[in-house]
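Numbering of ligands and ligand atoms starts at 1, following listing order. Position 1 is the first residue of the sequence; numbering continues from there.
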Amino acid sequence: MDCLQDWPEPVVRVQSISESGAQSIPERYVKPPSERPSDTSVCGDSGGAGIPVIDLSMLGRCSQTVRAVSDACREWGFFQVVNHGVSAELMRRARAVWKGFFHQPMDVKQRYANSPKTYEGYGSRLGIEKGAILDWGDYYFLHFRPLTLMSHEKWPSLPPSLSRATTDEYGRELTRLCGRVMRILSEGLGLEEGRLGAAFGGEEVGVCMRVNFYSKCPQPELTLGLSSHSDPGGITVLLVDDRVKGLQVRKDGAWVTVQPIADAFIVNVGDQIQVLSNAVYRSVEHRVLVSATDERLSMAFFYNPRSDLPLAPVPELVTPDRPALYQPMTFDEYRLFIRKRGPRGKSQVESLKTVE
Ligand code: OGA
Ligand code: NI
């Protein structure tokens, strides 16, 4: 991993540029016209439909829920969940704590500055390509599991102690929710409910979180908060800003803006679930737009397979009619791609294809 030792050029915090009052954005953040928010060749509207909304309160009593989740994972790769069992108070507290972190003075945040070696801590880019065009966002990345990677030292302690306790509680609750979602996803594939969890390595799963902070941007039409990508891991549970929109999901070539619902989570399928399901479920490209008038905070919670296990389509989903579409690869190997090259649409999972 020598190539991942350090950033290729000095790190600039997007929040510092934003707060400097600049009226235009530096060249480094200007996207080519085809990637800008307004590009009409890919923008469209999906006839008003948004990503499916699923109520988890009926789970276990009605097979409709499993069916709805399964359909959403096949058609959209995304859905929102309500009545998911995580307290709204905890969700609000977690958001408030992390807003508090990003509003600390810069020298406090800089104590947690990250490097591309592990990405843990306060960061402002993904990928280490010199001269790359950057996204308009800063983030904080931390691990919950495995316990050998979890280190409270690497979590911010400000605002006072509350933040670590809240982040711990959030991690526990969301890990539990991800376990439930994994069981629903298994059933939706016609598998036994523990099947995908077992393929992930049982207790040895990886759990981590990226808190994204998108500062106000003087020229939001020229850039993106996060470039188009599919999530490399298993499943992602995203808590978005309660007021400010920004997330867009690719559907049939068009970008669909997600309308946040109060106290809901957005769940999406990552590349590893696409691989295990032999592409029955799809990891779908998404991106983030920024705003001239509002900052936005989101918390992306990632539930990943054990990192040293080679993953390939589960044998039950491989048939003579539908041979295995992907070759086995460990998540450690897989993740290096994004850590070196940054967000690149779906090119990474495509590169695993066995044929074509
Ligand atoms: C991510 C992500 C979306 C958002 O962190 O992978 O897609 O709304 N975030 O910030
Ligand atoms: Ni994502």
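Salt-bridge check for Arg95 with Asp241: failed, with every basic side-chain N at 4.0 Å or more from each acidic carboxylate O.
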Evaluate the criterion side chain to side chain contact (heavy atoms under 4.5 Å, CB included) for residue pair Val249 and Ile266; output intermediate values, then yes/no. CA-CA 11 Å; Val249 174; Ile266 296 164; over 6 Å; no

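The distance between the ring centers of Trp98 and Tyr122 does not fall below 6.0 angstrom. Phe144 and Phe301 have their aromatic ring centers within a separation under 6.0 angstrom.
Counted within 6.0 Å of CZ on Arg322, heavy atoms from surrounding residues, nucleotides or ligands total more than 12; the atom is thus considered enclosed. Residue Lys245 qualifies as open at atom NZ: its count of foreign heavy atoms under 6.0 Å is 12 or below.
Residue Pro37 forms a side chain to side chain contact (heavy atoms under 4.5 Å, CB included) with just one option from Leu224, Val290, Thr223, and that option is Leu224.
For the residue pair Ser57 and Asp55, a side-chain donor N or O sits within less than 3.5 Å of a side-chain acceptor on the partner.
Ligand 1 lies under 4.0 Å from heavy atoms of Arg210, Asn212, Tyr214, Leu226, His229, Asp231, Leu238, Leu247, His286, Val288, Arg296, Ser298, Ala300, Phe302.
Atom NZ of Lys346 is separated from atom CZ of Arg250 by 10.5 Å, given to the nearest 0.5 angstrom.
Ordered by chain and number, His229 NE2, Asp231 OD1, His286 NE2 make up the set of protein N, O or S atoms under 2.8 Å of the Ni ion (ligand 2).
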